[in-house]
J.: 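This is the structure I have questions about; it appears just below.
The structure presented is a predicted model; accordingly, all values stated were derived computationally and were not measured. A note on names: the letters A, B, ... follow the listed sequences, proteins ahead of strands, and every chain is numbered from 1.
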There are 2 protein chains.
Amino acid sequence: MEDVARLAGVSLKSVSRVVNREPHVSDTLRAKVEAAIAALAFVPDAAARSLAGSRTFIVGLLFDNPSPNYTIKIQSGVYRACVEQQYHLRIDNIASDLPRAEVEAQLDAIVRNSRCDGFILTPPLTDNVQVLAFLERRGVRYARIAPNSELGRSPCVAIDDAAAGALVARHLWALGHRRLGVVTGPPLHRAGDRRRTGFLAAIRQFDPDLVVAEADGLFSFESGIAAGMDLLARDPRPTAIFATNDDSAAGVMVACARAGLRVPHDISLCGFDDSWVAKSVWPYLTTIYQPIEEMGYAAASLLLDRGETGDRQVMLDFHLVERDSLAPPP
Amino acid sequence: MEDVARLAGVSLKSVSRVVNREPHVSDTLRAKVEAAIAALAFVPDAAARSLAGSRTFIVGLLFDNPSPNYTIKIQSGVYRACVEQQYHLRIDNIASDLPRAEVEAQLDAIVRNSRCDGFILTPPLTDNVQVLAFLERRGVRYARIAPNSELGRSPCVAIDDAAAGALVARHLWALGHRRLGVVTGPPLHRAGDRRRTGFLAAIRQFDPDLVVAEADGLFSFESGIAAGMDLLARDPRPTAIFATNDDSAAGVMVACARAGLRVPHDISLCGFDDSWVAKSVWPYLTTIYQPIEEMGYAAASLLLDRGETGDRQVMLDFHLVERDSLAPPP
DNA sequence: AATGAATCAGTCAGCGCTGTCAAGACTGCG
DNA sequence: CGCAGTCTTGACAGCGCTGACTGATTCATT
């Protein structure tokens with residue numbers, strides 16, 4: 001930094017001001033310093049910055065029970081935002097299904113050791129009030145991804161799961177399907193439940209008396225097979241099934257194959273997530289795309305643009321990805 | 001640290017010595033300091049340590065073109081090793097298929113910005129001589145995962161891909177299969193090729209004249225479908241197919257279904273990796289398990305146990321995971 | 001025109017550790 | 001017993017940056 005200051009003919013502090021985008025810096029000075037920084041390819045030392053200042057330039061990303069596809073996308077979005085803002089990314093797993101004291105012990109270790117400037121919480125941590133309360137008590141900033149309660153409590157990023165469920169309902173209805181099935185998610189997964197209720201509410205608007213068949217799923221491939229077999233055994237058999245995530249949709253597809261039903265000729269199938277599975281099954285799965293990578297990016301931006309104005313709640317767009325698993329009823 | 005020193009009745013430097021496991025510290029002093037550290041739950045400040053010392057306590061994990069399943073497992077292994085040794089983990093992606101100068105620019109930015117103590121290289125970076133040369137020129141330590149050339153050049157971790165291919169060959173042969181097919185990997189993926197050649201060599205030992213049908217794959221689901229259709233159209237049709245990774249095996253499974261062939265009744269199928277897809281298809285895929293998470297852990301340990309004796313090359317075990325896609329020929 | 005407020009730039013201590021150097025306490029050997 | 005060599009501990013500077021403060025201008029207001 002000394003070299004930069006000398007080359008620009010200014011004091012160390014002025015270089016620091018420019019690097020940190022502090023106010024009250026004249027344009028000419030800023031230009032001189034920036035030129036010197038570029039000329040010397042100066043990169044500020046993160047360790048020294050965090051030692052001297054109050055920030056650590058680290059953001060923590062907290063997962064529980066990570067599903068590879070989801071995790072990796074969130075991570076890459078958060079990473080992208082961190083690089084832009086010259087932050088480092090630190091990833092931690094915590095098991096939130098333990099007794100209260102143990103969860104707190106894990107959090108305590110992470111908060112103490114990592115000294116992050118803030119954390120990003122992913123489901124199911126994002127709705128864990130115990131975790132939220134702990135972080136607040138410690139005065140640690142955090143942003144949440146896909147929360148389903150107390151949205152005002154912190155910056156958060158989400159999609160409108162209910163609207164997405166309704167979109168699937170409208171699409172299936174428009175194709176002519178009147179015998180419908182839904183594969184639900186795990187009981188505690190609020191987002192999954194909102195997809196389901198959004199779907200059901202939309203159908204009810206079309207025909208208040210129509211009964212939609214439901215089967216329990218756990219968002220896993222195996223549970224999808226079971227739920228699919230369950231649904232296919234109903235009388236009348238559904239002509240279209242909405243599985244509230246892609247993994248269980250892949251399972252339903254297996255159940256169809258075992259029942260001798262061809263997708264989409266004999267039965268239509270819609271997933272949710274547009275995860276990597278959607279293109280690892282045949283036919284390719286029609287599904288709802290949710291911008292997971294973008295959610296990671298938005299959450300990190302929310303966390304890092306501290307002073308900035310703007311929404312503390314960001315709603316991102318979703319859309320239907322039409323592939324090959326939907327057709328009119330036979 | 002001052003508090004610890006006061007409580008233990010020693011100097012700051014002595015606490016530092018204990019924390020860093022430096023030699024020439026008496027047992028009594030070490031015990032006193034450790035007790036004080038435990039009593040105060042002291043955690044050394046990474047920023048200060050790296051500012052004062054020569055280490056940064058960060059290890060960098062370099063990916064190119066990440067496949068989620070592989071990436072996440074490597075990452076979790078590396079992460080585990082880092083936590084144990086009080087290191088931080090930093091993850092970076094680099095695109096290695098660009099012109100030489102651009103690859104160097106990316107590397108330069110990463111090395112300069114991150115100031116990592118060392119890097120871990122994953123395929124295909126692990127065999128990129130340009131990357132290796134750059135790191136060496138900069139005097140940066142690195143460990144490689146699953147390299148296929150110049151093993152002695154750096155610490156590395158791998159499995160014996162050829163032996164794994166041979167294991168599949170023996171297994172298929174023992175089941176009675178004599179008409180065999182192989183789906184290859186991308187041309188530049190050396191490990192994939194070693195699986196193939198190991199397989200072919202083992203078959204040649206059983207019957208030097210037997211011709212194994214081969215079809216090009218690219219380790220992707222789609223390429224697996226095409227390769228499967230290709231193989232199934234051969235005359236005579238193979239009774240067993242070895243796909244050199246799980247994704248392409250899942251594709252072959254689709255090709256079988258479209259050809260009206262049931263796995264494993266009509267045709268047997270073996271994958272490689274034991275990735276997450278292996279349990280997202282029906283029937284579940286018999287495949288070779290390779291300890292990917294362990295490889296990450298071992299690579300990080302190799303990198304961090306600097307002075308330690310012991311092998312600079314670690315060969316990890318693999319094994320066949322018998323699930324439901326193999327049976328005797330019809 | 002006089003006063004206070006805001007803007008701009010600089011000085012300097014010190015963040016929490018580790019590297020260097022030095023001093024004291026031992027050991028073994030002639 | 002004395003001396004060189006080794007082991008064990010401590011004092012202190014300084015890593016590269018930022019926060020708090022100070023001083024010099026310029027601007028807005030009465």
Side-chain angles (χ1 to χ4, degrees), chain A residues 1-37 40-58 85-88 111-117 304 306-307, chain B residues 1-37 40-58 85-88 111-117 304 306-307:
Chain A
M1 199 162 95
E2 232 169 301
D3 300 336
V4 174
R6 204 177 310 121
L7 181 63
V10 300
S11 72
L12 279 175
K13 181 65 208 183
S14 292
V15 178
S16 170
R17 285 202 178 92
V18 172
V19 168
N20 291 294
R21 292 185 177 72
E22 282 176 34
H24 312 314
V25 176
S26 70
D27 290 343
T28 53
L29 188 144
R30 183 190 315 284
K32 271 191 297 185
V33 172
E34 276 169 356
I37 286 174
L40 299 171
F42 167 73
V43 179
D45 184 303
R49 294 225 277 174
S50 85
L51 184 57
S54 48
R55 293 178 295 170
T56 59
F57 298 93
I58 301 175
Q85 317 237 4
Q86 300 241 46
Y87 268 68
H88 286 251
V111 171
R112 287 176 53 90
N113 282 305
S114 67
R115 319 200 174 180
C116 293
D117 283 345
L304 298 179
R306 8 179 96 229
Chain B
M1 200 162 96
E2 232 170 301
D3 299 337
V4 174
R6 203 177 311 120
L7 181 61
V10 300
S11 73
L12 281 173
K13 181 64 206 184
S14 293
V15 177
S16 170
R17 286 205 178 89
V18 171
V19 168
N20 291 293
R21 294 184 177 72
E22 283 176 33
H24 311 312
V25 176
S26 70
D27 291 344
T28 53
L29 187 145
R30 182 190 316 282
K32 271 192 299 186
V33 172
E34 277 170 354
I37 286 175
L40 297 171
F42 166 73
V43 179
D45 184 304
R49 294 224 279 175
S50 85
L51 184 58
S54 48
R55 293 177 295 169
T56 59
F57 298 94
I58 300 175
Q85 316 238 3
Q86 300 241 45
Y87 267 69
H88 286 252
V111 171
R112 287 177 54 89
N113 282 304
S114 66
R115 317 196 175 184
C116 293
D117 284 344
L304 298 179
R306 6 180 96 229

J.: Assign each of B/Gly9 and B/Leu51 to its nearest nucleotide of DNA chain D by heavy atoms, then name whichever residue's nucleotide is nearer the 5' end.
T.: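 Whichever sits nearer the 5' end wins; that is B/Gly9.
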
J.: Just checking A/Phe42: base, sugar-phosphate only, or nothing, at a heavy-atom cut-off of under 4.0 Å?
T.: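 If one applies the 4.0 Å heavy-atom cut-off, A/Phe42 turns out to touch the sugar-phosphate alone, with no base involved.
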
J.: Can you measure B/Arg21 atom CZ to C/dT18 atom P for me and round it to whole angstrom units?
T.: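 After rounding, the gap between these two atoms is 12 Å.
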
J.: Whole angstrom is fine here: how far is it from CZ in A/Arg6 over to C1' in C/dG10?
T.: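 Distance, rounded to whole Å: 17 Å.
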
J.: A/Gln86 CD to D/dT18 P: how many Å, rounded?
T.: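 Taking atom P of D/dT18 as the reference, CD of A/Gln86 is at 11 Å.
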
J.: So which heavy atom on A/Arg49 is nearest to which on A/Pro44, and how close?
T.: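 Residues A/Arg49 and A/Pro44, closest heavy atoms: NE-CB, 3.9 Å.
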
J.: Can you find a side chain N or O atom of A/Ser16 that sits less than 4.0 Å from OP1 or OP2 on D/dT18?
T.: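 For D/dT18, OP1 or OP2 has a side-chain N or O of A/Ser16 closer than 4.0 Å.
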
J.: Could you tell me the separation between the NZ atom of B/Lys32 and the P atom of D/dT8, rounded to a whole number of Å?
T.: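 B/Lys32 atom NZ is separated from D/dT8 atom P by 14 Å.
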
J.: Between A/Lys13 and A/Arg115, which has a closest nucleotide on DNA chain C that is more 5'?
T.: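 The 5'-side residue here is A/Lys13.
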
J.: With heavy-atom distances below 4.5 Å as the criterion, would you say the side chains of A/Val19 and A/Gln86 are in contact?
T.: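 No, their side chains stay 4.5 Å or more apart.
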
J.: So A/Ser16 and A/Met1, do their side chains get closer than 4.5 Å, heavy atoms only?
T.: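 Heavy-atom side-chain distance check passes, below 4.5 Å.
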
J.: Nearest whole Å is fine: how far is D/dC17 P from A/Asn20 CG?
T.: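 Going from CG in A/Asn20 over to P in D/dC17 covers 11 Å.
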
J.: Rounded to whole angstroms, how far apart are CD1 on A/Ile37 and C1' on D/dC17?
T.: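 Rounding to the nearest Å, CD1 of A/Ile37 and C1' of D/dC17 are 13 Å apart.
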
J.: Tell me, do B/Ile58 and B/Arg115 make a side-chain contact under 4.5 Å, heavy atoms counted?
T.: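 SC-SC contact between B/Ile58 and B/Arg115 ruled out.
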
J.: Are the side chains of B/Arg55 and B/Tyr87 in contact, using a 4.5 Å heavy-atom criterion?
T.: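 Yes, at least one pair of side-chain atoms sits under 4.5 Å.
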
J.: What integer distance in Å separates B/Asp45:CG from C/dG14:P?
T.: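 Result: 18 Å.
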
J.: Would you please confirm or rule out a distance under 4.0 Å between OP1 or OP2 of D/dA11 and any side-chain N or O of B/Ser11?
T.: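 Indeed not, no polar side-chain atom of B/Ser11 lies that close.
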
J.: Give me the residues of residues 22-30 of chain A where at least one heavy atom lies under 4.0 Å from an atom of DNA chain D, by number, or none.
T.: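 The stretch gives none, as no residue of it lies under 4.0 Å from the strand.
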
J.: Taking the minimum atom-to-atom distance to the side chain of B/Arg17, which one of C/dT20, D/dC17, C/dT18 wins?
T.: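 Closest nucleotide to the B/Arg17 side chain: C/dT20.
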
J.: Compare the minimum distances between each of D/dG10, D/dG19, D/dT18 and the side chain of B/Ser14, then state the nucleotide with the smallest one.
T.: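 Nucleotide nearest to B/Ser14's side chain: D/dG10.
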
J.: Considering every strand and a 4.0 Å limit on heavy-atom distances, what is the contact class for A/Val10: base, sugar-phosphate, or nothing?
T.: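 The residue A/Val10 makes sugar-phosphate contact but no base contact.
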
J.: Going by the rule salt bridge (charged side-chain N to carboxylate O under 4.0 Å, His left out), which residues pair with A/Glu34 if we only count those two or more places apart in sequence or in a different chain?
T.: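 Expected list: none.
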
J.: For A/Leu29 and A/Ser14, what are the C-alpha separation, side-chain angles and deciding distance, and is it a side chain to side chain contact (heavy atoms under 4.5 Å, CB included)?
T.: CA-CA 8 Å; A/Leu29 188 144; A/Ser14 292; 4.0 Å; yes

J.: What is the distance from CD of A/Glu2 to C1' of D/dG14, rounded to the nearest Å?
T.: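 Interatomic distance, CD of A/Glu2 to C1' of D/dG14: 12 Å.
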
